[in-house]
Amino acid sequence: MITITFPDGSAREYESGISGLEVAESISPRLAKEVYAATVNGEIRDLTRAINENATVRFHKWEDEEAKHAFWHSSAHLMAEALEAVFPGIKFGIGPAIENGFYYDVDPGEGKVITEADLAKVEEKMKELAAANLVYKRRDVSKKEAMEFFSGKGDEYKTELISELEDGTISLYTQGNFTDLCRGPHLPSTEPIKAIKLLSLAGAYWRGDEKHKMLTRIYGITYPKQKMLDEYLQFLEEAKKRDHRKIGKELELFTFSQKVGMGLPLWMPKGSEVRQTLISFLTGVLKKRGYKIVTTPHIGNVNLYKTSGHFEKYGADSFQPISTPQEGEQFMLKPMNCPHHCEIYNATPHSYKDLPLRMAEFGTVYRYEQSGELHGLTRVRSFTQDDAHHFCRHDQLRDEFKSIIELILYVFKILNFNDFSAQISLRDPEDKQKYIGSEENWEKAEKDIIEAAGEMNLKTTIVPGEAAFYGPKLDFMVKDAIGRKWQLGTIQVDYNLPDRFDLTYNGSDNQKHRPVMIHRTIFGSLERFVAVLIENTSGKFPLWLAPEKAIVLPISEKFNDYALKVLEILNNSDICTLIDDRSEKIGKKIRDNELKRIPYLLVIGEKEVESGTIAVRKQGEGDKGAMKVEEFIDFIKSEIEKEVAFK
RNA sequence: GCCAGAGUAGCUCAGGGGUAGAGCACUUCCUUGGUAAGGAAGGGGUCAGGGGUUCAAUUCCCCUCUCCGGCUCCA
């Protein structure tokens, strides 16, 4: 007999060798139906695997990531079986579960192509197989046996994977006619897989390496209920409506032109308005925090980047140098602002008493991103960073970090950005050689970052090996409408540039010392930030950011003269740009969704003309009553102040 | 850069070897009166660009460009 302990602390006796599923059945048949995997003594396992010793057991229902993982991983195997049936001779790479669904990387064979049209066939086959209620069977095998099985099949990808595995840790899973190399866990059978949808087709390099062969990746998702699938597909449809590229076009915020060039955003008047509001807001915040605002040119002599080291590292993949009539003279479009800022630092002598020095610039930079990487406003070739560099002493590093975290959290709070994650990137402990800077400084900087984040109550995930070669960093990430992750703010320690630019300050010992440099952005770039802002708000900006605060809506053209007067006063008030259209059909001009994105609606009819007022409505909140235009202006101003405390 | 798809009116899209279509938007007139979508008439397209095949190409083939979904990359 063995004792099984459950998460609530209760325990029961069972025969040794009982399966998780049987244990679940003994508790309730309903539980057995809803459970997809189990964690046994901390190890996630198939429900059907025997438990041979005393154990703590936690069952995973759909709500748990572990359950979804097993469900989708099993679905990937199911898809593989269907693929093998539809495309005989197909070879398999890897097929994991992901955050939403699963994929499988496959090689259809020389000269063969899988197209979107084929997905329906595979989907049908999957449904057929799932309905057959195939059982997933696990088998532990020796490396030799696994090797023989897959080389017999001619599956070079699987054999490559097996060759790297340790003997004794290899397991195979079989369902129906399909056997796969797999660690598990899996569902007991295909029975719960009721709703199936293959979503898309993409190319993906084998093992994520550009130099390797490109396989075909098939994405899919499955659910235990059709309704859940319908809801997910519905969600994807809804998400598409929030896409900043779509809203940006509808609201005339920005555009792209083939003539200007790909990845080069053109900000239209309304988009520019949003941008300018963000810049002036942040400038105010920065000045209060002791930042000095600087301005530097969009180009720099190629020697500047040779000094910084960027030319050597990125020169070949950048916009190429611009030549001048002067023989041998070359300039580059600036890919970052730091070298310019270093030269500003070097323009004056610095005492230890002057540090930290915080230098900020809304600096437009140009990077030759790969054509396939460009994406709306989130990945462009010309963008404006809300860049700043803190030059400080080593003993100030931690406080500077804290001040930046505080600043970022403050800005995010005002913008109502709650859904972000923070990641600390440290050195690869296996390969400390590739990093610049002393062991001692790295140790301290990594510790400072972690502690600063802790002291600011910032929840972070720590990722070793992700640091830049010049220093550790802390990144803030957000997700877009369909869940893609984008990096916004970043805080990076840099030991490289201070050396290369020979930055110094005079210490209390009257000796020259090397300052540390911190690169930081809050928005990341105005382009990416506005994109995320649009997707977060579906284009319905908060009042203070809205490019149009209000729209004047005369009920009839009879009232146009009065509406015109109202508009004139509002436009002169400098608080808002208004839609200057008093035609009778104004209502018709504005689509429902667009209208809803404008915070205030000013309605003018006979009553208003008589009393010299405007009827004010806040979208989504209803009537605010009649006001004189001047009252409305004051009202808007106070509402904006409520939204943003410009302290 | 790589794999796969797409590009037809301002927008959303249908069509298909023989003179280019719808809805919405736009213009004019009529009608209308507290969050658009009543009526009539009208304007608007080198069917992304360039080469082929053909008596004839927007349609079939090839190349290029751009966009979408991924991969790789992201100072």
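Within every chain, numbering begins at 1; the chains are lettered A, B, ... in the order of the sequence lines, protein sequences first and strands thereafter.
- Evaluation of atom-type donor-acceptor distances gives a pair under 3.5 Å for the side chain of A:Arg379 against the base of B:C73.
- Looking at heavy-atom distances under 4.0 Å, A:Ile98 makes no contact with the nucleic acid at all.
- Taking the six-membered ring for Trp and thresholds of 30 and 60 degrees, A:Phe632 and A:Tyr600 have ring planes more than 60 degrees apart, a perpendicular arrangement.
- Residue contacts for A:Tyr470: at a heavy-atom cut-off of 4.0 Å it reaches the sugar-phosphate backbone alone, with no base atom in range.
- Here A:Tyr219 lies in heavy-atom contact (under 4.0 Å) with sugar-phosphate atoms only.
- At the heavy-atom level, A:Gln370 lies under 4.0 Å from base atoms of the strands shown.
- The separation of B:U12 from B:G7, taken at their P atoms, amounts to 13 Å, rounded to a whole angstrom.
- Put simply, CZ on A:Phe383 is 13 Å from P on B:C74, counting in whole angstrom units.
- Across the C1' atoms, B:G23 and B:U8 are found 15 Å apart, a figure rounded to whole Å.
- Here A:Met214 lies in heavy-atom contact (under 4.0 Å) with a base.
- Among the nucleotides B:A4, B:A75, B:G1, the one closest to any side-chain atom of A:Val113 is B:A4.
- The pair A:Lys91-A:Glu156 meets the salt-bridge criterion, since a charged nitrogen lies less than 4.0 angstrom from a carboxylate oxygen.
- Between A:His73 and A:His77, the ring-plane angle classifies as perpendicular under the 30° and 60° cut-offs.
- Look at A:Arg207 and A:Glu160 and you find a salt bridge, because one of the NZ, NE, NH1 or NH2 atoms lies within 4.0 Å of a carboxylate O, short of that distance.
- On the P atoms, B:A48 is 14 Å away from B:A14, given to the nearest whole Å.
- In this structure, NE2 of A:His389 is placed 10 Å from C1' of B:A75, rounded to the nearest angstrom.
- Among the atoms of the strands shown, only primed sugar atoms or phosphate atoms (P, OP1, OP2) are found under 4.0 Å from some heavy atom of A:Ala204.
- If you measure from atom CZ of A:Phe319 to atom P of B:C74, you get 17 Å, rounded to the nearest angstrom.
- Contact annotation: the side chain of A:Tyr157 approaches that of A:Lys213 to within less than 4.5 Å [non-hydrogen atoms, C-beta and beyond].
- Under the salt bridge (charged side-chain N to carboxylate O under 4.0 Å, His left out) rule, A:Glu238 has a single partner from A:Lys240, A:Arg242, A:Lys241, which is A:Lys241.
- Stacking between A:Tyr314 and B:A75 is shown: the ring centroid lies under 5.5 Å from the centre of the six-membered base ring, and the planes differ by under 30°.
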field: Pair assignment for RNA chain B - dot-bracket with | for other-strand partners, Watson-Crick or G-U under 3.5 Å
entry: (((.(((..((((....[..)))).(((((.......))))).....(((((..]....)))))))).)))....
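- One finds no side-chain N or O of A:Arg217 lying less than 4.0 angstrom from the OP1 or OP2 phosphate oxygen of B:G69.
- Taking atom NZ on A:Lys246 and atom P on B:C68, their separation rounds to 14 Å, with Å as the unit.
- Between A:Arg245 and B:C68, a side-chain N or O to OP1/OP2 separation shorter than 4.0 Å is present.
- Among B:G69, B:A4, B:A75, the nucleotide with an atom closest to any side-chain atom of A:Glu116 is B:A4.
- Using a 4.0 Å heavy-atom distance criterion, A:Arg484 is classed as a sugar-phosphate-only contact.
- For the side chain to side chain contact (heavy atoms under 4.5 Å, CB included) with A:Ile491, the lone residue among A:Ile449, A:Thr521, A:Ile408 that qualifies is A:Ile408.
- Using atom C1' as the reference point in both B:G42 and B:A25, the two lie 14 Å apart (nearest Å).
- Rounded to an integer number of Å, the gap from NZ of A:Lys313 to C1' of B:C73 is 12 Å.
- Remark: A:Ser371 is in phosphate contact with B:G1, judged by side-chain N or O atoms under 4.0 Å from OP1 or OP2.
- In this structure, the CD1 atom of A:Ile218 is 17 Å from the P atom of B:C3, given to the nearest Å.
- If you check B:A75, B:G5, B:C11 against the side chain of A:Ser318, the one that comes closest is B:A75.
- Taking atom C1' in both B:A4 and B:C71, one finds a spacing of 11 Å when rounded to whole Å.
- Residue order along RNA chain B, read from the 5' end via each residue's closest nucleotide, puts A:Val603 first among A:Asp209 and A:Val603.
- Classification of A:Arg514 and A:Asp502 as a salt-bridged pair holds, one side-chain N sitting under 4.0 Å from a carboxylate O.
- A salt bridge links A:Glu99 with A:Lys479: the closest approach of a Lys/Arg side-chain nitrogen to an acidic carboxylate oxygen falls below 4.0 angstrom.
- Rounded to whole Å, the separation between the C1' atoms of B:A6 and B:G70 comes to 15 Å.
- Rounded to a whole angstrom, the distance from the C1' atom of B:G18 to that of B:C30 is 41 Å.
- Taking side-chain N and O atoms only, A:His375 has a distance below 4.0 Å to OP1 or OP2 of B:G69.
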message: Return a single string for nucleotides 59-64 of chain B, one symbol per nucleotide in 5' to 3' order, where B is base contact, S is sugar-phosphate-only contact and - is none, cutoff 4.0 angstrom on heavy atoms.
response: ------
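- Backbone-only contact: A:Gly208 has heavy atoms under 4.0 Å from sugar-phosphate atoms and none from a base.
- Atom CD1 in A:Ile221 sits about 16 Å away from atom C1' in B:G69, given to the nearest Å.
- For the side chain to side chain contact (heavy atoms under 4.5 Å, CB included) with A:Phe256, the qualifying choice from A:Leu374, A:Val380, A:Leu266, A:Leu264 is A:Val380, the only one to do so.
- Here the separation of B:C24 from B:A9, taken at their C1' atoms, is 12 Å to the nearest Å.
- Considering only the side chain of A:Arg617, B:G34 comes nearest among B:G34, B:C74, B:A4.
- With RNA chain B read from its 5' end, the first of the two nearest nucleotides for A:Arg528 and A:Ile114 is the one closest to A:Ile114.
- Remark: the A:Asp494 side chain and the A:Asn496 side chain contain no N/O donor-acceptor pair separated by less than 3.5 Å.
- Heavy atoms of A:Ala468 sit nowhere under 4.0 angstrom from any nucleic acid atom.
- In this structure, a donor-acceptor pair under 3.5 Å is present between the side chains of A:Thr384 and A:Thr364.
- A:Glu608 comes within contact range of at least one nucleobase, with a heavy-atom separation under 4.0 Å.
- Note on A:Glu400 versus A:Arg358: salt bridge recorded, some NZ/NE/NH1/NH2 to OD/OE distance being below 4.0 Å.
- Judged by distance alone, with hydrogens and angles left aside, A:Tyr205 brings no side-chain donor or acceptor close enough to the base of B:G70 to form a pair under 3.5 Å.
- The interatomic distance linking A:Met336 (CE) with B:C74 (C1') rounds to 11 Å, in whole Å.
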